[in-house]
Visitor: 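Attaching a single structure in structure tokens format; questions to follow.
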Amino acid sequence: MGNALYDGLFGRHAGAATPFLILPGGTILTHAAFLARAARFAHALTGLGMGPGDRLAAQVGKSADALALYAACVQAGLVFLPLNPAYTPAEVDYFVGDAGAALLLCAPDDAPALAEVAVRHGAQVQTLGTDGTGTLPDLAEGQPDGFTPVPRGMDDLAAILYTSGTTGRSKGAMMSARNLLSNAQALVGLWRFTPADVLLHALPIFHTHGLFVATNVTLLAGGAMILLPRFDVDAVLAHLPRASTMMGVPTFYTRLLDDPRLGAAATAHMRLFISGSAPLLAQTHRDWTARTGQRILERYGMTETNMITSNSYAGDRRPGTVGQPLPGVEVRLCDAQGDPVAAGAIGGIEVRGPNVFQGYWQMPDKTAQDMRPDGWFITGDLGQMSEDGYLTIVGRAKDLIISGGYNIYPVEVEEALDALPGILESAVIGLADPDLGEIAIAVVVPAPGTTPDPDGWRAALGTSLARYKQPRRIEVVDSLPRNAMGKVQKAALRARFDGAKAPAVTKPDH
Ligand code: MCA
Ligand code: AMP
């Protein structure tokens with residue numbers, strides 16, 4: 001038995017002397033050199049006692065080595081668990097404990113704080129800097145630059161990606177080799193990636209979009225990526241001339257549109273611009289075409305399912321729609337009971353296929369809530385299908401805010417707020433924002449007889465929640481509007497606070 005994911009993703013281009021990673025400073029890593037680096041890491045990791053199926057949690061910055069670490073996990077049959085560097089040690093503590101990670105890789109500067117986390121859960125710690133330094137690179141020094149991939153099948157676990165839920169604790173979405181490979185294969189075909197492609201990569205690499213969509217597609221096609229450390233308009237415009245494709249969240253496109261340098265001349269050589277992770281306004285789509293002559297290709301996906309639908313490469317790229325189901329992927333629209341709705345009606349989007357994950361790590365009850373016995377996964381998104389199969393996302397049944405492509409689950413922020421002294425209860429809502437699509441604000445009811453302390457609350461949230469989850473504003477009110485069932489009416493709160501030029505904190509209603 002071979003290693004299904006390794007053979008599929010890396011096999012064909014393993015020895016290629018063509019570029020894989022182009023770093024902003026000019027350094028180029030060929031496919032062969034990248035895999036050699038990964039092989040040395042794989043030797044170092046197995047030397048630490050890591051074996052097939054062991055979970056490796058990585059909270060590291062974006063770098064060629066961070067991607068080589070992912071490739072090393074594939075070679076050695078380890079389960080890769082990437083974590084947002086913005087997570088606080090308290091958040092990392094939960095992921096390491098829940099996943100039973102055997103090894104935590106972190107940035108050298110974070111080692112003191114995260115060593116405590118690792119020790120608490122019986123995990124080892126190693127470091128990996130963005131500049132090629134760290135204890136893992138030290139251990140990899142002098143190791144052989146070939147590694148015989150550990151046998152792994154299509155249904156073996158390759159990665160766990162944590163996704164917060166609308167209720168309770170974060171859940172680890174289990175991704176198999178089949179999930180990742182089938183999706184990468186579908187996308188390479190659909191989007192016509194070839195070894196000649198150079199993808200401008202400005203996304204983070206700890207989420208499906210930057211890791212599995214961008215990186216796996218490029219690896220499979222044998223193309224190259226210009227690896228920018230983060231999205232920055234100047235850097236993107238500076239590197240665009242060398243690229244043929246770019247993938248981004250809608251904020252990339254709106255920020256680029258705000259820059260007068262963006263125009264047909266700057267983009268004429270580009271083969272493809274792709275958008276996803278959050279709704280791309282039809283207006284942004286049209287503005288982009290008017291300015292550049294290029295039609296953004298919008299697609300739709302989810303951590304648990306990889307990519308589900310895509311607009312057409314050669315045919316229609318309809319503004320405001322997310323396109324048609326990927327080859328091999330089924331999509332249907334259902335009511336709450338799982339019965340398909342009438343043609344053209346709005347329904348909950350459900351998906352089935354080789355792309356759909358294996359379930360939530362050690363949470364069979366949560367898996368059963370979201371996955372029907374016959375394999376249909378309930379996305380929590382609401383959609384409408386045109387006669388020719390183009391899907392439009394019209395809303396969400398789940399309480400979720402998507403800010404600049406990052407998911408913020410209100411319940412997680414509300415729980416953190418409600419645990420603070422002086423807060424009786426809270427509601428976190430998303431408001432429209434021209435830059436990030438949505439921003440989170442908190443509406444807080446102080447405990448009776450206390451003086452509201454938004455600055456103190458903000459400081460306390462700073463130690464428990466990643467920065468991007470922290471509410472941009474805190475509004476103080478006397479009570480939260482509720483319906484007859486006692487459920488907080490978030491739509492009423494959104495109507496009340498949307499567009500309000502409120503100061504950072506407003507006084508309680510009297
Ligand atoms: C940064 N901040 C944010 C966000 N990003 N706050 C809310 N939402 C965000 N997305 C915070 C920073 O900590 C900072 O806080 C302040 O906002 C200003 O940051 P700024 O410099 O504007 O941010 P940036 O570095 O320019 O980042 C914005 C960004 C970035 C480029 C939109 O968030 C990004 O790359 N997003 C992509 C996310 C992504 O890849 N999602 C895919 C998920 P302070 O000033 O206080 O320090 S995968 C997925 O959803 C599915 C599977 C799919 O379909 O793809
Ligand atoms: P995540 O849980 O981070 O994988 O986020 C997945 C969610 O992002 C989906 O359930 C959708 O709500 C949203 N999403 C992804 N792509 C799109 C898109 N093109 N348009 C609208 N929403 C999207």
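Note that ligands are numbered from 1 as they come in the structure, with each ligand's atoms numbered from 1 the same way.
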Visitor: If the test is ring pair (Phe, Tyr, Trp, His ring centres under 6.0 Å), which one of Tyr94, Tyr162, Phe95 qualifies with Tyr87?
Guide: Phe95
Visitor: Should the proximity of Thr303 to ligand 2, defined as any heavy atom under 4.0 Å, be assigned to the side chain, the backbone, both, or neither?
Guide: both
Visitor: So which of Ala278, Pro250, Gly383, Gly276 gets nearest to atom 18 (C) of ligand 2, if we judge by its closest heavy atom?
Guide: Ala278
Visitor: Polar contacts were defined as any N/O atom of the residue lying under 3.5 Å from an N/O atom of the ligand; does this apply to Ser403 and ligand 1?
Guide: yes
Visitor: Is there a heavy atom of His207 sitting under 4.0 angstrom from any atom of ligand 2?
Guide: no
Visitor: What I want to know is whether Thr303 and ligand 1 share at least one N or O pair that is separated by under 3.5 angstrom.
Guide: no
Visitor: Is any side-chain N of the basic residue among Arg472 and Asp433 closer than 4.0 Å to the acidic one's carboxylate O?
Guide: no
Visitor: Can you tell if the side chain of Ile402 reaches within under 4.5 Å of the side chain of Asn407, non-hydrogen atoms only?
Guide: yes
Visitor: How long is the gap from CH2 on Trp288 to OG on Ser275, to the nearest 0.5 Å?
Guide: 10.0 Å
Visitor: Which bit of Thr208 is near ligand 2, meaning a heavy atom under 4.0 Å away: side chain, backbone, both or neither?
Guide: neither
Visitor: Return yes when at least one protein heavy atom is under 4.0 Å from atom 17 (O) of ligand 1, and no when none is.
Guide: yes
Visitor: Check whether any protein heavy atom sits under 4.0 Å from atom 49 (C) of ligand 1.
Guide: yes
Visitor: Going by the order shown, which atoms of ligand 2 are within less than 4.0 Å of some heavy atom of Ile402?
Guide: 8 (O), 12 (O), 13 (C)
Visitor: Any N or O of Lys398 that comes nearer than 3.5 Å to an N or O of ligand 2?
Guide: yes
Visitor: Can you confirm, on distance only, whether ligand 1 has an N/O atom lying under 3.5 Å from any N/O atom belonging to Arg467?
Guide: yes
Visitor: Is there any N or O on Glu304 that sits under 3.5 Å from an N or O of ligand 2?
Guide: no
Visitor: Counting from 1, what ligand 2 atoms have a heavy atom of Pro279 closer than 4.0 Å?
Guide: 20 (N), 21 (C), 22 (N)
Visitor: Of all the heavy atoms in Arg299, does at least one lie under 4.0 Å from an atom in ligand 1?
Guide: yes
Visitor: Would you say ligand 1 has an N or O under 3.5 Å from any N or O of Arg255?
Guide: yes
Visitor: Can a non-hydrogen atom of Arg472 be found less than 4.0 Å from any atom of ligand 1?
Guide: yes
Visitor: Does the distance from a Lys or Arg side-chain N to an Asp or Glu carboxylate O, for Asp388 and Arg318, drop under 4.0 Å?
Guide: yes
Visitor: Judged on heavy-atom distance to atom 42 (C) of ligand 1, which of Gly404, Ser277, Gly210, Pro204 sits nearest?
Guide: Ser277
